[in-house]
Amino acid sequence: MSFLVFVVNFTPNRMQEDRKTPEMRAQMTDIERLRHSTAHVLATAILKIWPEAQFAAGPPVDNGFYYDVDLPHRISPEDFEKIEAEMKKEIKENHPFERMEVSRDEALDLGKKGRLAALSDREQPSKFKLEIIENIPPGETISLYRNGDFIDLCAGPHVMRTGNIGAFKLTTVASAYYKGDEKNPQLQRVYGTAFKTKKELDDYFGMLEEAKKRDHRKLGKELEIFVLDDDVGPGLPMWLPRGAAIIEELEKLAKETEFAAGYVRVRTPHIARESLYKKSGHLPYYADSMFPPMELKYDPAEEHQAAGLEATIGKKMEQIKAFENIFTGLGMEEAAKDHRESLQRLEENKRELATLNSKRNEILSRSRYYLKAMNCPHHHKLFAAVPRSYRDLPLRFAEYGTCYRYEQSGELFGLMRVRSMQMNDAHLYMTPEQFETEFNAVNEMYLKYFKLFGIGKYLMRFSTHDPTKLGQKFVDESELWKQTEEMTRNVLKSSGINYVEVPNEAAFYGPKIDVQAWSVIGREFSIATNQVDFAQPRRFDLRYKDRDNVDKIPLCIHRAPLGTHERFIGFLIEHYAGNFPLWLSPEQVRILTIGDEPQLLDYSRAILDELRSHQVRAEIDASTDKINGKIQRAEQMKVHTMFVIGKRDMEANAVSVRVHGKGNLGAKSSDEVIVDILSSIKERRA
RNA sequence: GCCGACGUAGCUCAGCUGGUAGAGCAGCUGAUUCGUAAUCAGCAGGUCACGGGUUCGAAUCCCGUCGUCGGCUCCA
């Protein structure tokens, strides 16, 4: 497990993208400094091969560094050898990294001459570097770094000499939008990594190899947990029996936990009319993430009505046009005088038209159905279905809801990013006074789960809104945003939970907390979420009657401590490397018989039946393979416990126990072993 | 969605610069009766992702589509 450490970095990416002050840069660790210097050497090498290359940014990142370059030649991994050879030369020459401080004008002058991020003056200016200079605040020192002929605009810091770079390797080339904005052109991003010694570099790649063995896509296939089939569709995983078994266990866990915490379970359909998502406010903010709607045929009455409206609207449009033509011919002021009556009628028509249009839209909207991308609107309808009193609150609706999101094709990734998912969802409705207790209880639920699964490295991200994006990305309720964010921040502070605040990442309906964890592959994922919603209860006109006999709007929390089955199990596969604890193990016990004598088989089957009668997922391998072969196959499938049963065991009323990863534990009384197994499952032992 | 790479039997992979497919494992059949990580033999498995094109001839070269992967953007 120790090799997990290298991927863990508690700084969220988004914050790294912010401009670093010179003070922050000075805090660069030794390894970051080394990698940053290697990025300069990379640029030097690329320029030796392609002098026209234009460089943008070249920072150190979690496991290495990159440099963004604009170059007509498409750099491919086949070019790496050539580039690395140039880099080695540069390192061998052992140039010092010299820092030079220049005035803004000197910097601009060099940039215009194409001398920044270059080996010499060039015809084309260093366009990206010039832009960076523009963005350096007035008071700040502008510095250049030189190694050999290469001069770059750079705040540093660097290692002393290129020769200090002990070992490096280019890893991949990908594209990246300039400044991370989709609207900007794409640059080529060359990635590499560097270490002080060759051994550290080799160890790093060794660790990557180890990590690959845990990849949930690889293990998921080998262990027969899930499949993705092209005919079913991209991002639509199907669960094989072994995967479904894990799902069953997670649901059991969630249902027990939620029941004990006072939740009640509800069930809702997978689709809903467009009108529901108009009401919830999802359509303007979320439509891109939803599958396109299904259009149903109107029923004849509605169709007739719609056709009628269409005709009426057409007529009105013509009338208005005719009036407008007249008025523009005469000039409005005169028209108003002469045709006051007509003008009034025009206004009337306009109003009528608006009404008719909205009626027609409503009819159309009622014939359009969406696959649900979230469960909240359905749950809100359930809240509204029955008159609620303050005595009913908090009310906690839980459902393992099935949702469909139309994720962009490039986002799909094994089980971690899919288009169909089942969420450990619940919506909690409460009075403002109950908020703190409820919110805390949800956070505690996560922590309890994480302890159970042995998830030690995680980060709570508190996402808030960006006031400049009210009405676009976030509902336009400035005051309520402030209030709920303040409320949430206070709860977090007083509970003492560690968290980082991430601006501009809230849900459209309110601030949220995501719990981020790292897969062994080095990717970060939100696996759990806890979101405040002040917007939807208003939109759905949810109310409860308070003590003072006044209708009030409840506050809502959306929460999913176990996230979705897809992502959570993807995460668990990598977390456990497929070696699930007994309670989660898809196949908990496999009985391996030595030989196939009828008496022995009877004895073995009786034990199988006993296990199954206690809901233990048990199988028997009564094939004619040799015992070593049976063991090999069971071990490969990572079956948790094996009962090896031969004549000797049968005569002693025993089984020989073998546990995956632990080997042969010797013969034990079968009754005792079963009791042990049952208690391990019941207690969900690690 | 964007840029790039890749796509050969259920799985893991061979298949040179074009001459119309091969191994191991898994599967099936039979033999083997074996005490803690593979008993032996035989059989069967492929429209080389899909659709066009170049060519006497395409798994191999070109174009397009789909999918997967590495990133970017986005997210549970």
Side-chain angles (χ1 to χ4, degrees), chain A residues 61 66 68 74-78 171-191 215 217-218 221-222 224 227-231 233-235 286 288-289 373-374 403 405-419 421-425 463 505 507 512 514-517 521 523-531 558-568 570-571 592-597 600 623-636 642-649 656-661 663-667:
Chain A
V61 288
Y66 66 77
D68 281 346
R74 291 247 153 256
I75 297 175
S76 87
E78 283 160 25
T171 48
T172 55
V173 55
S175 87
Y177 296 107
Y178 179 51
K179 290 187 169 173
D181 191 331
E182 250 183 305
K183 289 172 208 91
N184 286 338
Q186 294 196 326
L187 305 175
Q188 304 188 61
R189 179 169 291 182
V190 183
Y191 282 90
D215 191 320
R217 293 165 298 184
K218 181 176 153 69
K221 195 179 269 178
E222 286 170 2
E224 294 175 16
V227 285
L228 287 158
D229 184 283
D230 195 21
D231 276 328
Y286 215 84
D288 284 350
S289 298
M374 64 298 295
C403 297
R405 295 185 185 172
Y406 191 74
E407 302 290 352
Q408 299 182 82
S409 60
E411 307 306 333
L412 301 176
F413 175 71
L415 281 181
M416 300 297 202
R417 197 70 185 277
V418 293
R419 284 180 175 164
M421 69 209 85
Q422 217 169 350
M423 230 189 283
N424 171 222
D425 213 355
S463 303
E505 299 235 330
K512 65 173 181 177
D514 285 314
V515 186
Q516 183 179 305
I521 311 301
R523 290 186 175 236
E524 48 186 56
F525 289 102
S526 294
I527 50 174
T529 183
N530 187 7
Q531 316 183 345
H558 307 230
R559 43 109 279 174
L562 296 176
T564 62
H565 281 324
E566 286 71 17
R567 185 172 287 179
F568 200 75
F571 181 85
L592 313 175
T593 59
I594 302 176
D596 57 358
E597 280 157 26
L600 189 76
S623 68
T624 59
D625 287 300
K626 298 242 154 89
I627 187 62
N628 278 328
K630 295 185 187 188
I631 288 170
Q632 166 90 8
R633 275 215 305 274
E635 290 282 358
Q636 275 171 347
M642 288 149 272
F643 286 178
V644 176
I645 301 180
K647 217 169 169 188
R648 229 157 57 201
D649 303 289
S656 291
V657 180
R658 183 186 170 97
V659 172
H660 175 64
N664 186 4
L665 304 183

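To find a chain, count down the sequence lines: A is the first, B the second, and so on, and within it residues start at 1.
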Just the table, please: protein N/O against nucleotides 25-33 of chain B N/O, every pair under 3.5 Å.
{"unit_1": "B:U32", "atom_1": "O4", "unit_2": "A:T624", "atom_2": "OG1", "d": "3.1"}
{"unit_1": "B:U33", "atom_1": "O2", "unit_2": "A:D596", "atom_2": "N", "d": "3.2"}
{"unit_1": "B:U33", "atom_1": "O2", "unit_2": "A:D596", "atom_2": "OD1", "d": "3.3"}
{"unit_1": "B:U33", "atom_1": "N3", "unit_2": "A:D596", "atom_2": "OD1", "d": "2.5"}
{"unit_1": "B:U33", "atom_1": "O4", "unit_2": "A:D596", "atom_2": "OD1", "d": "3.4"}
{"unit_1": "B:U33", "atom_1": "O4", "unit_2": "A:D596", "atom_2": "OD2", "d": "3.1"}

Assert: residue with more 5' nearest nucleotide on RNA chain B, out of A:V515 and A:G661, is A:G661
Specify the residue among A:G233 and A:L415 whose closest nucleotide of RNA chain B lies further upstream toward the 5′ end.
A:G233
Decide, for B:G45, between syn and anti: a glycosidic angle within 90° of 0 counts as syn, anything else as anti.
syn
Got a donor-acceptor pair under 3.5 Å from the side chain of [X] to the base of [N]?
| X | N | answer |
| --- | --- | --- |
| A:T564 | B:A76 | yes |
| A:N628 | B:G35 | no |
| A:R559 | B:A76 | no |
| A:E407 | B:A76 | yes |
| A:Q186 | B:C72 | no |

Does [N] have a Watson-Crick or wobble mate here (both distances under 3.5 Å), and if so which one?
| N | result |
| --- | --- |
| B:G24 | B:C11 |
| B:A5 | B:U68 |
| B:U29 | B:A41 |
| B:U55 | none |

Hey, does A:G414 reach any base, or is it just sugar-phosphate, or nothing, if we go heavy atoms under 4.0 Å?
sugar-phosphate
Within the structure shown, what part of the strands sits under 4.0 Å from A:A174 by heavy-atom distance: base, sugar-phosphate, or nothing?
base
Just the table, please: protein N/O against nucleotides 6-12 of chain B N/O, every pair under 3.5 Å.
none

Say we look at [N] and [M]: how far apart would their [atom1] atoms be, to the nearest angstrom?
| N | M | atom1 | result |
| --- | --- | --- | --- |
| B:U8 | B:G42 | P | 28 Å |
| B:U68 | B:C50 | C1' | 15 Å |
| B:C63 | B:A26 | P | 41 Å |
| B:U47 | B:A21 | C1' | 13 Å |
| B:C2 | B:A76 | C1' | 23 Å |
| B:U60 | B:G53 | P | 14 Å |
| B:G45 | B:G27 | C1' | 9 Å |
| B:A41 | B:C48 | P | 31 Å |

Rounded interatomic separation in angstrom, taking [atom1] from [X] and [atom2] from [N]:
| X | N | atom1 | atom2 | result |
| --- | --- | --- | --- | --- |
| A:E411 | B:A76 | CD | C1' | 13 Å |
| A:Q188 | B:G4 | CD | P | 9 Å |
| A:K630 | B:A38 | NZ | P | 15 Å |
| A:Y66 | B:C72 | OH | P | 9 Å |
| A:R405 | B:C75 | CZ | P | 11 Å |
| A:Q408 | B:C2 | CD | P | 9 Å |
| A:Y177 | B:G71 | OH | P | 16 Å |
| A:K218 | B:G70 | NZ | C1' | 18 Å |

Judged by modelled atom types alone, do A:Q186 and A:S175 share a side-chain donor-acceptor pair under 3.5 Å?
yes
At what distance, to the nearest 0.5 angstrom, does CZ of A:F571 lie from CG of A:L415?
13.5 Å
Nearest-0.5 Å distance that lies between atom CZ in A:R658 and atom CG in A:N664:
7.0 Å
Measuring to OP1 and OP2 of [N], would you say a side-chain N or O of [X] lies under 4.0 angstrom away?
| X | N | value |
| --- | --- | --- |
| A:S175 | B:G4 | no |
| A:R417 | B:A76 | no |
| A:R217 | B:G70 | yes |
| A:R74 | B:G4 | yes |

For the residue pair A:S623 and A:R633, what are the closest heavy atoms and their distance?
OG-NH2, 3.7 Å
So is A:R567 actually on top of A:F525's ring, under 6.0 Å and inside 45° of the axis?
no
Protein N or O to nucleotides 45-52 of chain B N or O, pairs below 3.5 Å:
none

By the definition side chain to side chain donor-acceptor pair (under 3.5 Å), identify the one residue from A:T593, A:T624, A:D625 that meets it with A:K630.
A:T593
Can we say A:K647 and A:D649 salt-bridge, meaning some charged N sits less than 4.0 Å from an Asp/Glu carboxylate O?
no
